Asker: 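What follows is a structure written as structure tokens; I'll ask about it next.
Each chain gets a letter, A, B and so on, in the order its sequence line appears, and its residues count up from 1. Treat the numbers as computed from the prediction; the structure is a model and nothing was measured.
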There are 2 protein chains.
Amino acid sequence: MLNYSTSEENYIKAIYHLQKEGSVTTNELAAELQTRPASVTDMMKKLRTKKLVHYEAYKGFKLTIDGKKLALLIIRRHRLWEFFLAEKLKFSWDEVHAVAEDLEHVSSKKLIDKLDEFLGFPRYDPHGDPIPDANGKIETGKQVCLPDLPLNTTGIVCYVSDQSSAMLELLSHKKIGIGTKLEVKKKFSFDQSLEIKLRQQLATNISGDLAKNIFVKYDE
Amino acid sequence: MLNYSTSEENYIKAIYHLQKEGSVTTNELAAELQTRPASVTDMMKKLRTKKLVHYEAYKGFKLTIDGKKLALLIIRRHRLWEFFLAEKLKFSWDEVHAVAEDLEHVSSKKLIDKLDEFLGFPRYDPHGDPIPDANGKIETGKQVCLPDLPLNTTGIVCYVSDQSSAMLELLSHKKIGIGTKLEVKKKFSFDQSLEIKLRQQLATNISGDLAKNIFVKYDE
DNA sequence: TCTTTGTTTTAGATTTGTCTAAAAAATATT
DNA sequence: AATATTTTTTAGACAAATCTAAAACAAAGA
């Protein structure tokens with residue numbers, strides 16, 4: 001894999017994030033990167049000659065296979081550093097992003113793969129976003145704790161952080177386990193309790209304490 | 001502390017390393033940084049306006065107080081990352097430098113101070129060079145294991161890595177302890193054994209196995 | 001001291017990434 | 001369909017960091 005400038009990497013990453021589907025426009029990219037449309041056009045020409053984007057004048061851009069690979073590599077670096085900062089250096093949830101923005105451009109492959117190993121091959125960053133593996137494979141969807149599941153979005157329970165018998169007793173009584181599908185219908189700010197829909201039917205209430213320990217996967 | 005470009009930081013670091021004493025010349029710096037004398041002159045004018053170096057045309061350069069502070073900060077980052085790479089990511093001794101060259105330019109103060117804490121406030125990097133603390137204080141001298149002590153240079157024993165009773169018995173028999181002054185007079189490649197001078201007088205022989213576990217401080 | 005040699009600086013060009021302002025193309029409106 | 005609006009691209013400029021080639025300066029030798 002060749003080496004790319006910080007600027008090139010930031011463009012590639014931004015296209016990846018915007019390119020949920022369809023292609024990305026000049027103005028969208030300029031807004032995302034806090035830059036001017038003219039700068040975007042300049043950079044797109046360069047990334048086209050490097051075969052990282054498909055681009056024809058006035059027709060928007062899409063990542064090529066190579067561009068997508070590069071994007072996933074940068075995201076891998078970013079999310080591994082975020083995990084490191086939160087887990088090992090005890091940065092708070094909201095501080096990790098800014099620092100990872102810088103660290104993600106350090107390009108040593110060995111560094112990232114060893115960091116991955118050191119961290120125990122984590123699968124999600126501190127925001128619940130999946131971390132691509134060394135081959136660029138990435139899970140679809142996101143993993144968050146139950147209070148962070150958007151309203152009326154189906155999530156699948158995938159992990160429970162507190163494994164005490166008291167916790168497990170409560171869960172089995174409510175018939176919630178790994179793989180259970182659920183939706184959050186309402187959040188009560190008073191006590192952080194949630195009203196959820198279980199297996200497309202039953203409505204139940206869950207305390208804030210319980211909800212914090214339940215992790216679910218969902219598709220954005 | 002303001003923010004400086006990677007290039008500016010590399011110049012500052014290079015001046016610090018060359019500026020053992022006296023001032024640094026254009027050609028010296030150009031050689032150190034693998035660049036051209038003309039580029040050095042250009043950069044020196046810039047660093048002068050930023051008050052990081054003292055510089056008059058044709059008279060060489062010296063770091064200002066601020067320049068020295070910045071140099072020590074960069075060296076702190078570099079050596080902490082080296083320690084991290086060797087200690088946590090299990091990079092080998094000779095691989096850490098290149099990667100740390102990139103990491104050292106990530107400028108978050110909080111990152112470095114938290115990394116320092118995470119690593120347990122190490123005092124020496126994997127090459128035995130001292131790590132400046134958060135205030136920019138740095139020890140003079142270097143810490144290495146005995147086989148790496150240059151010939152005919154006085155070192156002071158400061159640490160013994162293997163603390164087994166067999167090891168300590170051998171050391172006390174040879175009257176070597178923390179604080180003992182010694183010099184290496186000869187190294188035998190056949191078995192890595194050393195001939196050393198103890199307390200400015202006695203000559204003794206030390207096996208390679210023993211020598212590897214004895215750490216000494218010395219001034220360069 | 002004058003001259004030669006070597007070092008350092010200047011002048012001008014290049015590359016990368018950005019910008020502004022104007023032109024061109026695409027899209028929307030009447 | 002013709003016109004107005006918005007989007008995108010081009011053209012030309014700029015700052016940072018570098019380079020080459022030439023000029024200026026300093027140091028050393030005759």
Asker: Assign each of M43(A) and A57(A) to its nearest nucleotide of DNA chain C by heavy atoms, then name whichever residue's nucleotide is nearer the 5' end.
Answerer: M43(A)
Asker: Mind checking Y55(A) for me? I need base, sugar-phosphate or nothing, with any heavy atom below 4.0 Å counting as a touch.
Answerer: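 Y55(A): backbone/sugar contact only, no base atoms under 4.0 Å.
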Asker: Step by step, would you call Y124(B) with Y159(B) a ring-ring contact (aromatic ring centres under 6.0 Å, His included)?
Answerer: CA-CA 12 Å; Y124(B) 297 93; Y159(B) 175 64; 9.6 Å; no
Asker: Given Watson-Crick or G-U pairs with both distances under 3.5 Å, what dot-bracket string fits DNA chain D, with | for other-strand pairs and [ ] for crossing?
Answerer: ||||||||||||||||||||||||||||||
Asker: With the side chain of Y58(B) defined as its heavy atoms from C-beta on, choose the nearest nucleotide among dC19(D), dA25(C), dC25(D).
Answerer: dC25(D)
Asker: Taking all atoms of both residues into account, what is the closest heavy-atom pair of P132(A) and I138(A), and its distance?
Answerer: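 P132(A) and I138(A) have their closest heavy atoms at CG-CD1, 3.8 Å.
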Asker: Rounded to whole angstroms, how far apart are CD on E56(A) and P on dT9(D)?
Answerer: 11 Å
Asker: Check H105(B) against R77(B) and note the closest heavy-atom contact, atom names and distance.
Answerer: CA-NH1, 4.1 Å
Asker: What is the distance, rounded to the nearest whole Å, between atom CZ of F61(A) and atom P of dT7(D)?
Answerer: 14 Å
Asker: What is the distance, rounded to the nearest whole Å, between atom CE of M44(B) and atom C1' of dT8(C)?
Answerer: 13 Å
Asker: Write down the atom of K50(A), the atom of Y4(A), and the distance for their closest heavy-atom approach.
Answerer: CD-CE2, 4.1 Å
Asker: Strictly distance-based, threshold 3.5 Å: is any side-chain N or O of S39(B) a donor or acceptor partner for the main-chain N or O of P37(B)?
Answerer: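 Between the backbone of P37(B) and the side chain of S39(B) there is no qualifying donor-acceptor contact (under 3.5 Å).
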Asker: Between atom CG in L47(B) and atom C1' in dT18(D), what is the gap in whole Å?
Answerer: 15 Å
Asker: May I ask you to say whether E56(A) pairs ionically with R48(A), meaning some side-chain N is under 4.0 Å from a carboxylate O?
Answerer: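 R48(A) and E56(A): not salt-bridged.
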Asker: Across the strands shown, which category fits T26(B) at heavy-atom distances under 4.0 angstrom: base, sugar-phosphate, nothing?
Answerer: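 Sugar-phosphate only.
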Asker: If you look at every strand shown and take non-hydrogen atoms under 4.0 Å, does A38(B) touch a base, only sugar-phosphate, or nothing?
Answerer: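 Base: the residue A38(B), judged by heavy atoms under 4.0 Å, touches a nucleobase.
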Asker: Please report the closest heavy-atom contact between L85(B) and A100(B), naming both atoms and the distance.
Answerer: CD1-N, 4.1 Å
Asker: Distance check needed: dA13(D) C1' versus D42(A) CG, whole Å only.
Answerer: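 My rounded result for the distance is 12 Å.
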Asker: Measure from NZ on K45(A) to P on dT9(D) and round the result to the nearest Å.
Answerer: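 Nearest whole value for this atom pair: 8 Å.
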Asker: Establish, with yes or no, whether the OP1 or OP2 oxygen of dT8(C) is under 4.0 angstrom from a side-chain nitrogen or oxygen of N27(B).
Answerer: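 So the side chain of N27(B) is within the cut-off, an N or O lying under 4.0 Å from OP1 or OP2 of dT8(C).
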Asker: With a 4.0 Å cutoff (strictly under), does any side-chain N or O of S39(A) reach OP1 or OP2 of dC19(C)?
Answerer: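 Result: yes.
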Asker: When you measure from the side chain of Q19(B) to the backbone of L63(B), do you find a donor-acceptor pair of N or O atoms at a distance under 3.5 Å?
Answerer: yes
Asker: Which part of the nucleic acid does K59(A) contact within heavy-atom distance under 4.0 Å: base, sugar-phosphate only, or nothing?
Answerer: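 Answer is nothing: K59(A) stays at 4.0 Å or more from every strand.
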Asker: For DNA chain D, determine which residues of residues 3-19 of chain A have any heavy atom closer than 4.0 angstrom to one of its atoms, and list them numerically.
Answerer: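 Within residues 3-19 of chain A, no residue comes under 4.0 Å of DNA chain D.
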Asker: Which heavy atom in C158(A) sits nearest to a heavy atom in Q143(A), and how many Å separate them?
Answerer: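 Smallest interatomic distance, heavy atoms only, reads SG-OE1, 3.5 Å.
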Asker: dT20(C), OP1 or OP2 - any side-chain N/O from R36(A) closer than 4.0 Å?
Answerer: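 Checking dT20(C) against R36(A), a side-chain N or O does come within under 4.0 Å of OP1 or OP2.
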Asker: Could you please spell out the steps behind the side-chain hydrogen bond (donor to acceptor under 3.5 Å, both in side chains) verdict for D94(A) and S92(A)?
Answerer: CA-CA 6 Å; D94(A) 53 307; S92(A) 73; 2.8 Å; yes
